[in-house]
Protein chains: 2
Amino acid sequence: MPLKRIADSTVRRLSLYLRFLEEFENAGLTTVSSEELAARGGTTSAQVRKDLSFFGSFGKRGLGYQVAELTQRMRRILGLERDWRVAIIGVGKIGSALAQYEGFQQRGFRVVGLYDSDPAKIGRNMYDQSVRSIDSLAEDNRERRVDIAVIAVPASAAQRVADQVVAAGITGIMSFAPLQLHVPAEVTLNTVNMAMELERLSFALSNRE
Amino acid sequence: MPLKRIADSTVRRLSLYLRFLEEFENAGLTTVSSEELAARGGTTSAQVRKDLSFFGSFGKRGLGYQVAELTQRMRRILGLERDWRVAIIGVGKIGSALAQYEGFQQRGFRVVGLYDSDPAKIGRNMYDQSVRSIDSLAEDNRERRVDIAVIAVPASAAQRVADQVVAAGITGIMSFAPLQLHVPAEVTLNTVNMAMELERLSFALSNRE
DNA sequence: CCTATCTTGTGAATCAATTCACAAGCCCTC
DNA sequence: GAGGGCTTGTGAATTGATTCACAAGATAGG
């Protein structure tokens with residue numbers, strides 16, 4: 001639907017707007033202006049309108065936006081109207097935290113598989129799933145049809161796991177490994193790098209006024 | 001040290017460069033060019049040189065950069081030459097994962113306190129620390145001198161906790177709560193929003209060619 | 001129906017980030 | 001110590017993102 005490439009910063013803000021719209025909806029508001037959305041998110045009304053304008057025109061001049069309608073539009077734009085089938089690879093601390101995270105399931109990200117390489121974990125039942133060997137990923141995926149693989153293994157194993165994920169035909173990856181993964185262009189990769197986030201904070205704290 | 005405000009994207013890349021430099025150092029390389037650093041990180045050599053130029057000139061023309069020297073410079077720039085005293089607030093799934101995360105400690109982020117509001121957890125010993133009530137944060141901090149509070153509590157409690165953190169005189173916050181926190185300007189806040197990251201991936205997957 | 005008051009949607013202008021391109025410096029060889 | 005081959009550091013040019021500013025629609029009230 002979008003005519004030109006959408007900037008990453010725009011997508012991040014859309015996600016924020018959706019969060020605020022849900023708040024407003026829960027608070028019983030039926031209508032919201034770009035100014036109100038902007039105030040809630042610490043941005044400007046022009047920014048909000050520009051962001052939305054990439055996808056269409058959803059408001060009424062003089063009036064603002066219908067909360068319920070805009071919420072639904074945002075969900076559609078962000079691809080949240082469908083369920084996503086997720087496999088979590090690496091059932092260590094981070095993997096376990098994610099497997100149990102309710103917000104995950106609630107938003108339509110359904111965990112359909114847990115994988116690990118540790119023989120002590122393989123075969124065990126954890127978080128309502130039977131843990132399987134990473135080596136069975138490709139075979140499993142013939143019927144599991146996983147959309148997104150969450151990579152939560154140590155840095156040293158991450159690239160090998162990523163290769164297996166790609167080989168299994170999974171085209172979405174969310175990685176928590178603190179390094180740069182290499183995947184083919186047709187695979188979409190999003191990395192959350194905790195080390196980088198800490199260092200960003202360290203930099204900011206070290207360079208105040 | 002930096003003369004003008006440094007862009008967030010620049011700091012993120014500095015953090016990446018540091019990671020690559022450590023790799024190169026482990027591999028025994030003594031010298032590296034901006035072109036090699038760029039190739040490793042999927043950017044351009046001009047970008048690398050421009051990023052570094054905000055902080056000084058660290059290379060030798062015709063030769064490149066000394067790996068060991070540049071590594072140390074990057075550490076200094078990012079504020080990683082000192083230890084940071086960290087308190088983890090909310091010892092649930094995410095908080096526990098972080099408390100046990102070795103990369104955390106290794107990079108000089110020392111966990112000096114665990115806090116929770118659950119009476120079943122308060123007083124217990126977890127991960128080599130005695131869990132304390134969030135309400136004792138301000139009092140504790142008179143001697144604990146925490147630099148960074150990691151907020152890993154449910155969204156509904158996050159703003160209240162943030163207020164307590166600020167009241168305790170802690171000026172660095174890393175939040176994992178999926179909402180926008182409001183803090184005074186003198187407090188540095190960095191938010192990792194998992195919901196946003198998932199939605200970013202969802203958007204990317206939904207809008208492929 | 002006309003006027004006053006809002007608020008959107010969007011080109012134009014500004015501000016910021018990235019890329020280009022090249023002079024300047026360094027090493028090595030002869 | 002002069003020349004060739006590299007690679008840095010940085011102004012200038014370009015590309016991209018944000019902000020400005022205003023015409024166009026919409027509502028409400030008289």
Side-chain angles (χ1 to χ4, degrees), chain A residues 1-17 20-21 24 29-71 73-74 77 200 203-204 207, chain B residues 1-17 20-21 24 29-74 77 200 203 207:
Chain A
M1 188 65 48
L3 305 86
K4 49 190 314 199
R5 208 191 133 273
I6 301 298
D8 202 64
S9 50
T10 301
V11 179
R12 295 190 120 95
R13 283 193 300 269
L14 292 181
S15 185
L16 268 187
Y17 301 157
F20 302 150
L21 285 165
F24 290 144
L29 296 181
T30 61
T31 248
V32 70
S33 69
S34 58
E35 187 55 47
E36 291 168 307
L37 265 178
R40 185 67 189 77
T43 179
T44 67
S45 63
Q47 180 79 79
V48 171
R49 295 198 300 276
K50 183 66 87 177
D51 285 340
L52 297 179
S53 77
F54 291 126
F55 301 95
S57 91
F58 309 128
K60 277 211 170 59
R61 294 170 187 225
L63 194 65
Y65 303 88
Q66 291 301 112
V67 173
E69 189 204 331
L70 189 56
T71 304
R73 297 276 201 157
M74 299 299 294
I77 290 167
R200 225 152 62 77
F203 176 82
N207 292 282
Chain B
M1 188 69 45
L3 305 87
K4 49 191 313 199
R5 210 192 132 272
I6 301 299
D8 202 64
S9 49
T10 301
V11 180
R12 296 189 119 94
R13 283 191 301 268
L14 292 182
S15 185
L16 267 186
Y17 301 156
F20 302 150
L21 286 166
F24 290 143
L29 296 181
T30 60
T31 247
V32 70
S33 69
S34 58
E35 186 56 48
E36 291 167 306
L37 264 178
R40 184 67 188 77
T43 178
T44 67
S45 64
Q47 179 80 81
V48 171
R49 294 198 301 276
K50 185 66 90 178
D51 285 340
L52 297 180
S53 77
F54 292 127
F55 301 94
S57 91
F58 309 129
K60 277 209 171 58
R61 293 168 190 226
L63 193 67
Y65 304 88
Q66 291 302 112
V67 172
E69 188 203 331
L70 190 56
T71 303
Q72 189 169 351
R73 298 276 201 159
M74 300 299 293
I77 290 168
R200 225 151 63 76
F203 176 82
N207 291 284

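Throughout, a chain's letter reflects where its sequence line sits, starting with A, and its residues are numbered from 1.
- The side chain of A/Ser34 places an N or O atom within less than 4.0 Å of a non-bridging phosphate oxygen (OP1 or OP2) of C/dT8.
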Under 4.0 Å protein heavy-atom contacts per nucleotide of nucleotides 23-30 of chain C, with B for base, S for backbone only and - for none: BBBB----

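- Considering every non-hydrogen atom in both A/Leu52 and A/Met74, the closest pair reads CD2-SD, 3.9 Å.
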Take A/Tyr65 and A/Arg49, measure what side chain to side chain contact (heavy atoms under 4.5 Å, CB included) needs, and give me the verdict at the end. CA-CA 11 Å; A/Tyr65 303 88; A/Arg49 295 198 300 276; 3.8 Å; yes

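- Across A/Ala38 and A/Ser45, no two heavy atoms sit closer than the pair CB-N, 3.5 Å.
- Protein atom CZ of B/Arg12 is 12 Å distant from nucleotide atom P of C/dT18, rounded to whole Å.
- Salt bridge status for A/Glu36 with A/Arg40: absent, with no side-chain N to carboxylate O gap under 4.0 Å.
- Residues A/Tyr17 and A/Thr43 meet the side-chain proximity criterion, which asks for heavy atoms closer than 4.5 Å.
- The distance from atom CD of A/Gln66 to atom CG of A/Leu29, rounded to the nearest 0.5 Å, is 11.5 Å.
- Within residues 43-51 of chain A, the residues approached by DNA chain C to less than 4.0 Å at the level of any non-hydrogen atom are A/Arg49, A/Lys50, in residue-number order.
- The shortest heavy-atom contact between B/Asn207 and A/Ile77 is ND2-O, 3.9 Å.
- Nearest heavy-atom pair across B/Val67 and B/Leu21 is CG1-O, 3.7 Å.
- Two residues are said to be in side-chain contact when any heavy atoms from C-beta on lie closer than 4.5 Å; B/Ile6 and B/Phe55 meet this criterion.
- Protein chain B contacts DNA chain D over a range whose 5' and 3' limits, counting nucleotides with an atom under 4.0 angstrom from a non-hydrogen atom, are D/dC6 to D/dA12.
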Given B/Ser9 and B/Arg12, is the side chain to side chain contact (heavy atoms under 4.5 Å, CB included) satisfied, shown in steps? CA-CA 5 Å; B/Ser9 49; B/Arg12 296 189 119 94; 5.5 Å; no

